[in-house]
Amino acid sequence: MKSRKLYNRISVLRKEKNVSRQELADVIGVNFQTIGYLEREEYNPSLDLAFKISEFFGLPIEIIFSPQPLKPLFEEIIELKKKIGGN
Amino acid sequence: MNHQISKSNRRNWIILNLLSMTFIVIFFYTGKYFEQPYLFFAGGAISLVLLIISFKMGFVKTKLWRLVHTKKEDLDERQILVVLNALRYSYVVFVMFCLVIIYGFALVNKGPINVLVAACLLYSAHVLPAVIIGWTEKRSVTVKTVNNIILIAYFNLP
């Protein structure tokens, strides 16, 4: 069974939190190169690893990972603001 | 310490290593049938030296050897996958290679394989997983061993 490509925002979130790949890798228990592979979307994480990343950033998994290409965060924030403002 | 080596350099060392092993066997067998086999034995010795150098440069310094021989508990999920895939492919390749050698010897009526060929097969069995990883991995390899973790924790190294 061929797995589909998963897109993610790990790179952006990591830079926002000012965390290096090594620091993130140490917290979630992987090699720092695996973080690189994840950020370049060359490797899909296991469910356990995805949850660990989600817990580290304090965000739901679906905000961090997606089977469809992710929009830039600022676009999502603008859309959310419009929705909240509209309600 | 991780020796950063480019993918193309890594591949070149791997090719040199496999060729050296092949030339050792070729020189040994061709030298047996000549009156002055010393040149062929010298060639075999040079090939052996190249084999050792290329093994160190291609497998030890690039951490490929350590990756394949590290315990599963010290590898992360991606590394386990990479090693398992390499072991799977190397098993297939090695079996085919062995069968070709054994049947080849039987067909030309050379009898059982000799010590040198057996040694080369043994060597191939050990390096094949590292060869596959070294050939396919896009980037250099790092492996965090328990000792490194202790060093990193104690000295607060990055």
Side-chain angles (χ1 to χ4, degrees), chain A residues 1-70, chain B residues 1-7 9-11 59-89 129-130 132-158:
Chain A
M1 184 185 79
K2 199 174 176 179
S3 58
R4 53 186 175 171
K5 182 175 174 172
L6 286 182
Y7 301 86
N8 67 72
R9 291 192 169 112
I10 297 173
S11 174
V12 167
L13 294 169
R14 190 174 56 76
K15 280 166 191 163
E16 278 190 8
K17 249 195 152 170
N18 199 23
V19 164
S20 68
R21 280 184 185 170
Q22 186 64 65
E23 285 165 346
L24 176 58
D26 289 339
V27 170
I28 64 175
V30 296
N31 190 286
F32 77 94
Q33 284 190 320
T34 300
I35 302 295
Y37 275 93
L38 285 167
E39 289 181 355
R40 286 184 301 269
E41 292 155 359
E42 289 171 0
Y43 173 70
N44 288 350
S46 64
L47 188 59
D48 183 43
L49 185 58
F51 268 109
K52 282 183 185 174
I53 294 169
S54 153
E55 283 162 16
F56 176 81
F57 289 115
L59 292 168
I61 281 187
E62 55 270 18
I63 297 289
I64 304 173
F65 296 98
S66 171
Q68 275 82 43
L70 290 160
Chain B
M1 187 182 83
N2 182 31
H3 184 87
Q4 296 286 339
I5 190 168
S6 68
K7 185 179 175 182
N9 277 346
R10 201 170 62 207
R11 282 183 171 185
F59 297 118
V60 175
K61 285 211 160 193
T62 57
K63 302 276 194 283
L64 286 172
W65 189 254
R66 193 193 285 186
L67 175 65
V68 174
H69 291 84
T70 299
K71 288 187 295 184
K72 203 175 75 172
E73 291 76 30
D74 292 335
L75 298 175
D76 69 22
E77 57 178 56
R78 192 193 67 84
Q79 289 171 323
I80 290 170
L81 207 66
V82 165
V83 171
L84 282 177
N85 275 333
L87 287 170
R88 198 172 64 136
Y89 290 122
I132 289 168
I133 296 173
W135 197 264
T136 54
E137 272 289 279
K138 292 174 189 172
R139 287 162 187 89
S140 56
V141 170
T142 56
V143 183
K144 197 185 274 186
T145 61
V146 174
N147 290 336
N148 288 355
I149 291 170
I150 292 168
L151 279 171
I152 287 164
Y154 188 75
F155 292 107
N156 203 24
L157 294 172

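Reminder, nothing fancy here: chain letters follow the sequence lines and each chain counts from 1. Just so it is clear, the structure is predicted and the values come from calculations on it, not from any experiment.
Annotation for A:Tyr37 and B:Glu137: closest pair OH-OE1, 3.1 Å, computed over non-hydrogen atoms. Nearest heavy atoms, A:Val30 versus B:Asp76: CB-OD2, 3.5 Å.
A distance of 8.5 Å separates CZ in B:Arg78 from CG in A:Leu38, rounded to the nearest 0.5 Å. The CD atom of A:Gln33 sits 9.0 Å away from atom CZ of B:Arg139, with the distance rounded to the nearest 0.5 Å.
Within 6.0 Å of atom OH in A:Tyr43, more than 12 heavy atoms from other residues, nucleotides or ligands are found, so the atom counts as buried in its surroundings.
Of residues 46-66 of chain A, those residues with a non-hydrogen atom less than 4.5 Å from any non-hydrogen atom of chain B are, in numerical order, A:Ser46, A:Leu49.
Residue contact with chain B, scored on non-hydrogen atoms closer than 4.5 Å, involves the side chain of A:Glu42 exclusively. At a 4.5 Å heavy-atom cutoff, A:Arg21 makes no contact with chain B through either its backbone or its side chain.
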